Amino acid sequence: MPSSASDRDTAPYAHETRVAVAAAEEAGALLRGRFGVARAVGVKDAEGDVVTDLDLAAEKIILARLQTHFPHDRILSEEAGLLDAVGRRTWLVDPLDGSNNVAIGLTAYAVGIGLCVDGAPVVGVVHEPVTGHTWQAVRGGGAACGPDRLPGPSGALPRSGPVVAWTQGHAVGRADPVAAGLRGRLERRARRVLQLWAPLLGWSMLARGAIDGFVGYRAEGIDFPAGALLAAETGVEFRTLSGGPFTVDATGPDTDRCFVAARADTLAYLLDVVGEARAA
């Protein structure tokens, strides 16, 4: 039975979710309206990852809402860095996931906001300005887009091979042998490997069952918890690259964020593929 409006209002983290959704959608409206005039204003690293004026404008909107409603919470944002506070709660903000896409006029980007308590994600919101869709999840409460629950992937392995999203962190160089080995093996045994430069879109696709799995190598910590929570709340399982238990967490080094995420037969298949790559 669908939950009533009053049930949703009293659910855990209902207020936090409403604020995060409103902030993401307001920022998304700005990004959509100014997409054609985005301007690169800086470079993050030697690999050429850019910061645009839209990153900064969207971040300003989100931070203002979060600081107004939750003045005692810590905030870690992609461009502003850490706005510190004492407490167990930390907001993670990626105001424009896909800046490199926007800089070249590619309409593949998203806004991500997550809330973690003691490092564990409890709220995840992903908004795609191009379609206007907002996906949200609360720990233990499932994942949804508006009134519709997200189904997650089926877990059945397609005969032609799975469609898999791939992400790697900014610190991973183009010639990194582990990343190259993993990508190469996936390319040979998957139907398609999506390298979107906007991992939040990959998580939303996995959560709604549009793709079959997700593999990450030293993934970025800002957007990972919100996106991973979307998938986890649809029943997606996470494993380390060696097949061991994996805990979705916002703390620790990027080497702790190497994972395989899928369900059932697809998970087993991807772990086999990753195992081959690591043994080569």
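From a predicted model like this one, the values you see are computed outputs, not experimental measurements.
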For a quick test of reading the model, state the closest non-hydrogen atom pair linking [X] to [Y] and the distance between them.
X	Y	result
Pro162	Tyr269	CD-CE2, 3.6 Å
Leu30	Ala57	CD2-CB, 3.8 Å
Ala207	Leu230	CB-O, 3.9 Å

Any sub-3.5 Å donor-acceptor pair from [X]'s side-chain atoms to [Y]'s backbone N or O?
X	Y	value
Asp212	Val163	yes
Arg191	Gly161	no
Glu233	Gly142	yes
Asp94	Gly112	no
Glu128	Tyr109	no

Point to revise | Residue pair Val102, Asn100: steps toward the side chain to side chain contact (heavy atoms under 4.5 Å, CB included) verdict | key: CA-CA 5 Å; Val102 170; Asn100 291 292; over 6 Å; no

Practice item. Could you walk me through whether Val215 and Phe259 pass side chain to side chain contact (heavy atoms under 4.5 Å, CB included), step by step? Key: CA-CA 6 Å; Val215 179; Phe259 62 87; 5.8 Å; no

Consider only side-chain N and O atoms of [X] and [Y], and report whether a donor and an acceptor are under 3.5 Å apart.
X	Y	value
Trp91	Asp73	yes
Asp55	Ser99	yes
Gln168	Trp166	yes
Thr134	Glu25	yes
Asp249	Thr251	yes
Thr17	Gln136	no

Any side-chain heavy atom of [X] sitting closer than 4.5 Å to one from [Y]?
X	Y	answer
Leu270	Thr266	yes
Glu220	Asp254	no
His69	His15	yes
Val51	Leu56	yes
Thr240	Cys258	no
Leu96	Thr52	yes
Asp176	Tyr217	yes
Ser77	Leu83	no

Looking at [X] and [Y], does any basic side-chain N land under 4.0 Å from a carboxylate oxygen?
X	Y	value
Glu237	Arg263	no
Arg65	Glu26	yes
Glu187	Arg192	no
Glu276	Arg189	yes

Check your understanding: To the nearest 0.5 Å, what is the distance between OG1 (Thr90) and CZ (Phe70)?
Key -> 13.5 Å

Check your understanding: In Å, rounded to the nearest 0.5 Å, how long is the span from NE2 of His127 to CG of Leu31?
Key ->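 It comes to 8.0 Å.
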
Check your understanding: Does Tyr13 have Arg139 sitting over its ring (NZ/CZ under 6.0 Å from centre, angle to axis within 45°)?
Key ->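 No - Arg139 does not lie over the ring of Tyr13 by the 6.0 Å and 45° rule.
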
Review point. Just one of Asn101, Val126, Leu196 clears the side-chain contact (heavy atoms from CB on, under 4.5 Å) bar with Leu201, so which one?
Key: Leu196

**Study point:** From CA spacing to verdict: side chain to side chain contact (heavy atoms under 4.5 Å, CB included), Leu182, Leu241
**Key:** CA-CA 10 Å; Leu182 288 168; Leu241 298 184; 4.0 Å; yes

Review point. Which is it for Trp203 and Phe224 under the side chain to side chain contact (heavy atoms under 4.5 Å, CB included) test, yes or no, and what are the steps along the way?
Key: CA-CA 9 Å; Trp203 288 119; Phe224 175 66; 3.7 Å; yes

